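The shown structure was predicted, so the numbers you read here are calculated from the model rather than taken from an experiment. The basis for the numbers below is simple: all heavy atoms, side chains too, and nothing from hydrogens, waters or symmetry mates.
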Amino acid sequence: MNQTKAWCAGLVLFALASRAQPILVYPQGVYSQGQAFAGASLSNLRVRNESTYSTEMILTVDFSYDGLHGSSARIVPVITDKKTAHVSRWFGANPVLVGTGRGTISFPVKFFNDEPGAPSELTTDHVKILMLTEGANTLISQGIFARSLKWGGTPAAASVAAPLANAASAEAGQAEEKARQEAAAKTEAGARLKALADERARQEAAAKRLAEEQSAAEAAAKARTEAEASRLAEEKAKAEADAKALEAARQKAEVEEHARKEAAARQLAFEKERAAFTLAPGAKSKIVTVDLLNRNFDRTEMVVSVQYQYNRADRLSKMGVDVTSGDEPGVSTLFSSALFDLAGGTRGIALFPIKLDAPAAQRLKRPMLLTDKVWIYLTDGNGAKSYIHEAAMGLLWRISPEIADSTTAAAPASASPQK
């Protein structure tokens, strides 16, 4: 089982950057851990841009490829940990295409600690580098490196209290001296200001009495004019308020009717989806495990691994997957994934690269989409589906391209072959 999981994790990384078709993982025992074809090898793993707290690191490794399996090969990294199962589902990396010869390549590897169920920080103990054929359906070589890496977390802030305290003490002394000087000047001028203020107050009192008499006469005339204007304004305001109330009631009725129709349509869509996604009674084939292995940086394509036990009595020779959401009906039509041919055997592991049609998903008017179930079905390839397994799995998909991760453009994978 450990060897089979190692194959799944390696093949899935390439599937994210190539065409979306399922990849058959060889049964247990075909290759042993660390085995490589002659003339192909991976060695000398280094970690660049490593820090105590990081969600992205750059892995560098030396390679040699003799071209016996094609003019080029794909190389992908897989992050694993002996103490924690399935950690590869929280990491992503783009594959690197290399030609015949020797050289050095680098991979930006990202820790998606914002995924549902992912820890905020994690320490892993192994890095596995896989060399695949260009079609990503055959393992050429692999290297397993014991390397402890710490992912995620937040650094502590540096202290700045001492410099601020010294500056505050100096400012307090200057302010005290300035206050003493201002108090002395204020006392000296106080007597002069009081005499001037008394005289001014007597003059202002006389002027105030004259102004009050004049204001009283003007106020009486103004009150009569304002009273008439107020009456006319009240009548106009009442008429406008009545018209607005009628319009608001009409608009509210339209909104409520629209909401009622949308709710009814949404409920009908959920009922139709529940009727369509029902496990077939009497199915003989079994699904052992369903797991997410990896996703590309922009979260528009993910790969699901399915370990199956196929019973030929079901008479359906192909397998496929659908994804659904409990929050939004009908989203299964926004995803595509090729069928897997079961003619090769009754037991094994199939990989399904699932791709989101982001332009079509714009109708949902949201930047992200959360699906919560993966459905496994059998089919004869003519459209009829017989669902045999329902797996609860939260997957977060990106719809809006304008908020794609900046790290995808900032640190592309690169290869530098040397013949």
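Between the side chains of His86 and Asp291, at least one donor-acceptor pair of N or O atoms lies under 3.5 Å. For Thr300 and Asp298, the side-chain atoms include at least one donor-acceptor pair closer than 3.5 Å. Side-chain atoms of Thr324 and Trp375 form a donor-acceptor pair, as typed in the model, at a separation below 3.5 Å. Judged purely by distance below 3.5 Å, without hydrogens or angles, the side chains of Asp314 and Ser285 pair a donor atom with an acceptor atom. For Trp151 and Thr124, the side-chain atoms include at least one donor-acceptor pair closer than 3.5 Å.
The shortest side-chain heavy-atom distance between Arg89 and Leu293 does not fall under the 4.5 Å cut-off. The shortest distance between side-chain heavy atoms of Val96 and Val98 falls below 4.5 Å. In this structure the side chain of Pro116 reaches within 4.5 angstrom of the side chain of Leu396, judged on heavy atoms. With contacts defined as side-chain heavy-atom distances shorter than 4.5 Å, the pair Ile399/Arg366 qualifies. In this structure, the side chains of His126 and Asp81 stay at 4.5 Å or more apart for every pair of heavy atoms. Counting only heavy atoms from C-beta outward, the side chains of Val87 and Thr123 never approach each other to under 4.5 Å. Looking at heavy atoms from C-beta onward, Asp357 lies in side-chain contact with Pro359 at the 4.5 angstrom threshold.
A salt bridge links Arg299 to Glu115: at least one charged side-chain nitrogen sits closer than 4.0 Å to a carboxylate oxygen. Taking a cutoff of 4.0 Å between a charged side-chain nitrogen and a carboxylate oxygen, Arg260 and Glu257 qualify as a salt bridge. Asp198 has no carboxylate O lying under 4.0 Å from a charged side-chain N of Arg202, or vice versa, which leaves the two without a salt bridge. Electrostatic pairing of Arg102 and Asp62 does not count as a salt bridge here, judged by no charged N lying under 4.0 Å from a carboxylate O.
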* Worked verdict on Val290 versus His389 for side chain to side chain contact (heavy atoms under 4.5 Å, CB included) -> CA-CA 9 Å; Val290 179; His389 188 77; 3.8 Å; yes

* Leu122 and Trp90: CA distance, side-chain angles, deciding distance, side chain to side chain contact (heavy atoms under 4.5 Å, CB included) verdict -> CA-CA 10 Å; Leu122 176 68; Trp90 297 321; 4.1 Å; yes

* Given the rule in the side-chain hydrogen bond (donor to acceptor under 3.5 Å, both in side chains) test, do Ser325 and Thr371 qualify, once you have shown the distances and angles that lead to the verdict? -> CA-CA 4 Å; Ser325 171; Thr371 60; over 6 Å; no

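The environment of Glu204 atom CD is dense: over 12 non-hydrogen atoms of other residues, nucleotides or ligands sit within 6.0 angstrom. Within a 6.0 Å radius of CZ in Arg231, other residues, nucleotides and ligands contribute more than 12 heavy atoms. The local environment of CZ in Arg250 is crowded, with over 12 non-hydrogen atoms from other residues, nucleotides or ligands closer than 6.0 Å. Enclosure of atom CD in Gln251 by more than 12 non-hydrogen atoms of other residues, nucleotides or ligands within 6.0 angstrom is indicated.
Here the OG-NZ distance, from Ser332 to Lys373, works out to 13.0 Å after rounding to the nearest 0.5 Å. The OG atom of Ser400 sits 10.0 Å away from the CG atom of Leu364 when rounded to the nearest 0.5 Å. Expressed to the nearest 0.5 Å, how far OH of Tyr65 lies from CD1 of Ile75 amounts to 10.0 Å. Distance check, rounded to the nearest 0.5 Å: CG of Leu132 to CZ of Arg74 gives 9.5 Å. Distance check: Lys186 NZ to Leu193 CG gives 10.0 Å after rounding to the nearest 0.5 Å. One distance of note links CG of Leu395 with CD1 of Ile354; it measures 7.0 Å at 0.5 Å rounding.
The side-chain tip of Arg295 points at the ring of Phe112 from less than 6.0 angstrom away and within 45° of straight on. Stacking of Lys385 on the aromatic ring of Tyr387 is not recorded, the 6.0 Å distance cut-off and the 45° axial limit not both being met.
Screening Asp322, Leu279, Val321 against Ile376 for a side-chain contact (heavy atoms from CB on, under 4.5 Å) leaves a single residue, Val321.
Residues Leu342 and Leu316 approach most closely at CD1-O, 4.1 Å, considering heavy atoms.
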